[in-house]
Amino acid sequence: MPIARKLILYISMLFICAVAGAQTPTDTLTTDTAAVKRSYVHLLHADVTKYNKKQNPDVWVLMGEVAFRHDSMYMYCDSAYFYNRKNALKAFGNVRMEQGDTLFLFGDYLDYDGDANLARVRGNVRLEDKTSTLETDSLDYNRTLNLGYYFGGGTLFDNETTLDSDWGEYNTLTKEAVFRHNVNLQNPQFIMDSDTLHYNTGTNIAKMVGPTHIVSGANRIYSELGFYNTNNRQATLLNRSVVTNGNRDITADSLFSDEISGVSEAFGNILLSDTVNKNMLLGEYGYFNNASDSLYITDMALAVDYSQGDSLYLHSDTIFLVTHYNNTDSMYRQIRAYNKVRAYRTDIQAVCDSLIFDSRDSCMTMYKDPILWNNGQQLVGEQIKMYMDSSSIDWVHIINQALYAEKMDSTEFNQINGKEMKFFFKNKKLDEMQVINSVNIIYFPLDDDSTLIGMNTTIAGKLVGQMKDGKLHKLKIPTPSSGVFYPMSQIPAKERYLENFVWFDYVRPRGREDLFHWRSKRKGEELKKINRGSVPLPTLDRFKK
């Protein structure tokens with residue numbers, strides 16, 4: 001460089017520094033209460049400086065490796081306009097801002113206001129810190145607030161996560177980011193779409209504050225308020241969020257979901273819906289293990305099967321769904337209900353202590369003082385097995401202390417007891433019955449106008465009964481029997497009822513709302529106390545795996 005040119009440049013730099021150091025009182029910012037000391041932008045270097053007092057007395061034109069400093073912020077560019085009195089600058093070409101080793105901001109153009117601590121960067125903007133990179137076309141960065149925000153679309157890169165949105169802001173100090181409009185977060189393990197999302201690049205936790213969808217394999221989440229940890233893929237969801245796995249939807253007041261372990265927990269007004277099998281589970285607390293395909297719901301637990309049009313409702317303290325040999329050819333499922341089981345459908349009602357349904361034989365077994373009603377008939381025994389056909393009852397097997405009762409009028413009942421009974425259904429009504437071993441019968445035949453003629457009492461070893469319109473119509477006794485017929489006016493009081501007869505109409509569920517009102521049998525009306533079968537209890541190990 002010629003000596004004359006170096007001299008001119010040196011004199012120019014001295015002049016700029018002199019002007020920067022000789023500010024007038026008007027250059028001092030004030031507030032309503034006290035003066036605030038002004039922090040100046042300093043020119044550190046430029047290869048070429050130009051100043052035209054007549055044409056533009058407020059600006060210096062700088063070119064060639066231009067450098068500025070404002071407090072701890074350093075700014076570099078190819079050329080710039082420096083507004084010394086305004087404490088501002090405009091930078092062009094290869095713009096770079098650096099603050100220590102924590103913040104780097106790049107772009108094509110910079111408009112910087114030193115008094116406001118505001119940088120407006122345009123064109124190929126890139127904001128980098130130690131944890132993430134933000135790319136956009138237009139970015140405003142407030143150094144006082146450590147806040148950068150864009151409004152024309154931007155992308156945030158964070159380790160394996162890429163986040164796009166139309167509008168966003170990012171705090172380089174707290175690592176908190178807010179994104180709005182068409183927010184899309186992608187990770188090798190999941191995709192998240194949202195309307196509004198808060199995200200911390202330090203903790204990698206996303207806060208959902210608007211309609212949000214998360215898809216991870218077969219697992220899907222919908223929430224309008226909640227938290228999602230992108231590191232361990234755990235979600236805490238509020239405000240009736242929904243977790244979907246396969247054909248099951250879980251909705252609750254609040255949910256916790258761990259996608260890696262496959263475990264979810266639900267709290268408050270739970271609704272689990274299976275749209276393929278057309279059934280639902282409801283309750284106040286639920287635990288779900290997708291890995292073992294097992295779950296349980298408790299506290300006001302209610303199962304609903306609506307596959308047959310006429311919905312079946314079943315309530316108990318706790319309802320389990322257990323899958324055995326998952327993902328094998330021998331897989332089967334069991335539904336277990338424990339303590340104070342009550343079930344209702346318009347044609348069928350039931351009460352028992354506990355039950356289990358096994359998919360291998362489509363059998364539902366009722367344990368401990370079970371009672372089953374079908375229209376005007378009542379079935380009682382130590383154990384009742386119901387074999388299902390597409391959610392409808394195919395046939396029923398009653399084992400030990402079996403009792404059939406059918407109400408004829410306010411005081412008279414057809415009654416049959418025996419050691420074992422089998423009932424076969426047709427069109428949701430009893431069609432045929434078989435009674436085996438130690439059969440006792442009290443039967444009221446009818447005349448043509450349905451008037452009671454009298455009462456037959458019979459003892460036999462076996463009985464086959466035919467139903468008509470859901471009522472006992474014909475009795476066939478294929479083994480030797482004995483009995484007595486009494487006209488209606490001559491029936492002895494002690495012969496009117498079998499020894500184990502009780503009409504349990506007072507505990508019968510009257511509707512789905514009545515399922516939650518448990519009514520115990522009256523004292524002395526329980527079955528004989530003998531060693532009966534009981535439903536096997538599950539272990540929680542299956543659910544915790």
Asker: Closest heavy-atom contact between N219 and N290?
Answerer: OD1-ND2, 4.2 Å
Asker: In terms of heavy-atom contacts, does NE2 of H213 have more than 12 from other residues, nucleotides or ligands at under 6.0 Å?
Answerer: yes
Asker: Looking at R510 and D505, does any basic side-chain N land under 4.0 Å from a carboxylate oxygen?
Answerer: yes
Asker: For Y170 and S132, which heavy atoms make the closest approach, and how far apart are they?
Answerer: OH-OG, 3.1 Å
Asker: Starting from the C-alpha separation in whole Å, work towards a yes-or-no answer on side chain to side chain donor-acceptor pair (under 3.5 Å) for W167 and S165.
Answerer: CA-CA 6 Å; W167 183 96; S165 68; over 6 Å; no
Asker: Please report the shortest heavy-atom distance between I319 and A303, naming the atom on each side.
Answerer: CD1-N, 3.7 Å
Asker: Nearest 0.5 Å, what's the CD1-CD1 distance between I335 and I356?
Answerer: 10.0 Å
Asker: Heavy atoms only: give me the nearest I371-M366 pair and the separation to one decimal.
Answerer: O-CE, 3.5 Å
Asker: Check whether any side-chain N or O of R143 sits under 3.5 Å from a backbone N or O of L118 as a donor-acceptor pair, and report yes or no.
Answerer: no
Asker: With respect to V125, which candidate in L105, V95, D137 satisfies the side-chain contact (heavy atoms from CB on, under 4.5 Å) definition?
Answerer: L105
Asker: State, to 0.1 Å, how close E160 and P188 come at their nearest heavy-atom pair, and which atoms those are.
Answerer: O-CD, 3.5 Å
Asker: With sequence neighbours excluded, what pairs up with D129 under the salt bridge (Lys or Arg N to Asp or Glu O under 4.0 Å) test?
Answerer: K175
Asker: Can you find a pair of side-chain heavy atoms, one from M388 and one from M386, that are under 4.5 Å apart?
Answerer: yes
Asker: Passes side-chain contact (heavy atoms from CB on, under 4.5 Å), D258 versus R233? Steps please.
Answerer: CA-CA 6 Å; D258 187 328; R233 291 158 58 195; 5.9 Å; no
Asker: Backbone N or O of T136 within a donor-acceptor pair of the R126 side chain at under 3.5 Å?
Answerer: no
Asker: Compute whether any side-chain donor of one residue and acceptor of the other, for Q334 and H324, lie under 3.5 angstrom apart.
Answerer: yes
Asker: Q415 and N417: side-chain donor and acceptor closer than 3.5 Å?
Answerer: no
Asker: Are the side chains of D353 and N339 in contact, using a 4.5 Å heavy-atom criterion?
Answerer: yes
Asker: Counting N and O atoms only, with roles assigned by atom type, does the side chain of T298 sit under 3.5 Å from a partner on the main chain of D317, one being a donor and the other an acceptor?
Answerer: yes
Asker: Parallel, tilted or perpendicular, judged at 30° and 60°: which one describes the rings of F190 and Y228?
Answerer: perpendicular
Asker: Which pairs count as ring-ring contact (aromatic ring centres under 6.0 Å, His included) when at least one residue sits in residues 254-280, sequence neighbours excluded?
Answerer: F267-Y285
Asker: Would you please classify the geometry between the Y287 ring and the Y296 ring as parallel, tilted or perpendicular, with 30° and 60° separating the classes?
Answerer: parallel
Asker: Before giving the answer on side-chain contact (heavy atoms from CB on, under 4.5 Å), spell out for H397 and E420 the whole-Å C-alpha distance, their side-chain angles and the decisive distance to 0.1 Å.
Answerer: CA-CA 8 Å; H397 189 189; E420 184 179 353; 2.5 Å; yes
Asker: Measure the acute angle between the ring planes of F424 and W395, then classify it against the limits of 30° and 60° as parallel, tilted or perpendicular.
Answerer: parallel
Asker: Under 4.5 Å between any side-chain heavy atoms of F179 and L163, yes or no?
Answerer: yes
Asker: Between CZ of F151 and CZ of R180, what distance do you get to the nearest 0.5 Å?
Answerer: 15.0 Å
Asker: Which distance, rounded to the nearest 0.5 Å, do you find between the CD of Q434 and the CG of L463?
Answerer: 9.5 Å
Asker: How about Q383 and Y367: do any of their side-chain heavy atoms sit closer than 4.5 Å?
Answerer: yes
Asker: Are D140 and R122 ion-paired here, with the side-chain N under 4.0 Å from a carboxylate O?
Answerer: yes
Asker: Please check if the side chain of H315 supplies one atom and the backbone of A301 the other of a donor-acceptor pair under 3.5 Å.
Answerer: yes
Asker: Distance alone, cut at 3.5 Å: any donor-acceptor contact between the side chains of N187 and T161?
Answerer: yes
Asker: Does a side-chain heavy-atom distance below 4.5 Å link I416 with L472?
Answerer: yes
Asker: Around atom NZ of K419, are there more than 12 heavy atoms of other residues, nucleotides or ligands at under 6.0 Å?
Answerer: no
Asker: Can you tell me how far NE2 of H517 sits from NZ of K340, rounded to the nearest 0.5 angstrom?
Answerer: 13.0 Å
Asker: For T131, which of T172, T201, N200 qualifies under side-chain hydrogen bond (donor to acceptor under 3.5 Å, both in side chains)?
Answerer: T201
Asker: Stepwise, does the side-chain contact (heavy atoms from CB on, under 4.5 Å) test hold for E259 with I221?
Answerer: CA-CA 10 Å; E259 295 177 21; I221 292 174; 3.7 Å; yes
Asker: With a cut-off of under 6.0 Å to the ring centre and 45° to the axis, is R96 in cation-pi contact with F104?
Answerer: no
Asker: Tell me if a side-chain donor or acceptor on T212 pairs with a main-chain N or O of V209 at a distance below 3.5 Å.
Answerer: no
Asker: Applying salt bridge (Lys or Arg N to Asp or Glu O under 4.0 Å), can you list everything that pairs with D108, at least two apart in sequence or on another chain?
Answerer: none
Asker: Between D293 and R333, is there a side-chain N and carboxylate O pair less than 4.0 Å apart?
Answerer: yes
Asker: Backbone N or O of Y387 within a donor-acceptor pair of the D361 side chain at under 3.5 Å?
Answerer: no
Asker: Looking only at heavy atoms, which two atoms of V341 and S316 are closest? And how far apart?
Answerer: CG2-CB, 3.7 Å
Asker: Kindly compute the distance separating CG (L515) from OH (Y313), expressed to the nearest 0.5 Å.
Answerer: 9.5 Å
Asker: Please lay out, stage by stage, how Y404 and E406 fare under the test side chain to side chain donor-acceptor pair (under 3.5 Å).
Answerer: CA-CA 7 Å; Y404 167 89; E406 175 185 303; 2.4 Å; yes
Asker: Do N171 and N146 have side-chain N/O donor and acceptor atoms under 3.5 Å apart?
Answerer: no
Asker: Taking the basic N atoms (NZ, or NE/NH1/NH2) and the acidic carboxylate oxygens, is any pair closer than 4.0 Å for D469 and K471?
Answerer: no
Asker: Are the side chains of Y199 and T230 in touch, meaning some heavy atoms are under 4.5 Å apart?
Answerer: yes
Asker: Any carboxylate oxygen within less than 4.0 angstrom of a Lys/Arg side-chain nitrogen, looking at R342 and D514?
Answerer: yes
Asker: Side chain to side chain donor-acceptor pair (under 3.5 Å) between Y222 and T244: does it pass, once the steps are laid out?
Answerer: CA-CA 8 Å; Y222 174 80; T244 301; over 6 Å; no
Asker: Side chain to side chain donor-acceptor pair (under 3.5 Å) between D305 and N279: does it pass, once the steps are laid out?
Answerer: CA-CA 4 Å; D305 183 289; N279 54 54; 4.7 Å; no
Asker: If I take atom NZ from residue K429 and atom NZ from residue K468, how far apart are they, to the nearest 0.5 angstrom?
Answerer: 12.0 Å
Asker: Do V304 and L282 have side chains that get closer than 4.5 Å, going by heavy atoms?
Answerer: yes
Asker: Contact between Y344 and T346 at the side-chain level, heavy atoms closer than 4.5 Å - yes or no?
Answerer: yes
Asker: Assess the residue pair S257 and F288 against the criterion (side-chain contact (heavy atoms from CB on, under 4.5 Å)); give the C-alpha distance rounded to whole Å, side-chain angles, the decisive distance to 0.1 Å, and a yes or no.
Answerer: CA-CA 9 Å; S257 175; F288 313 90; over 6 Å; no
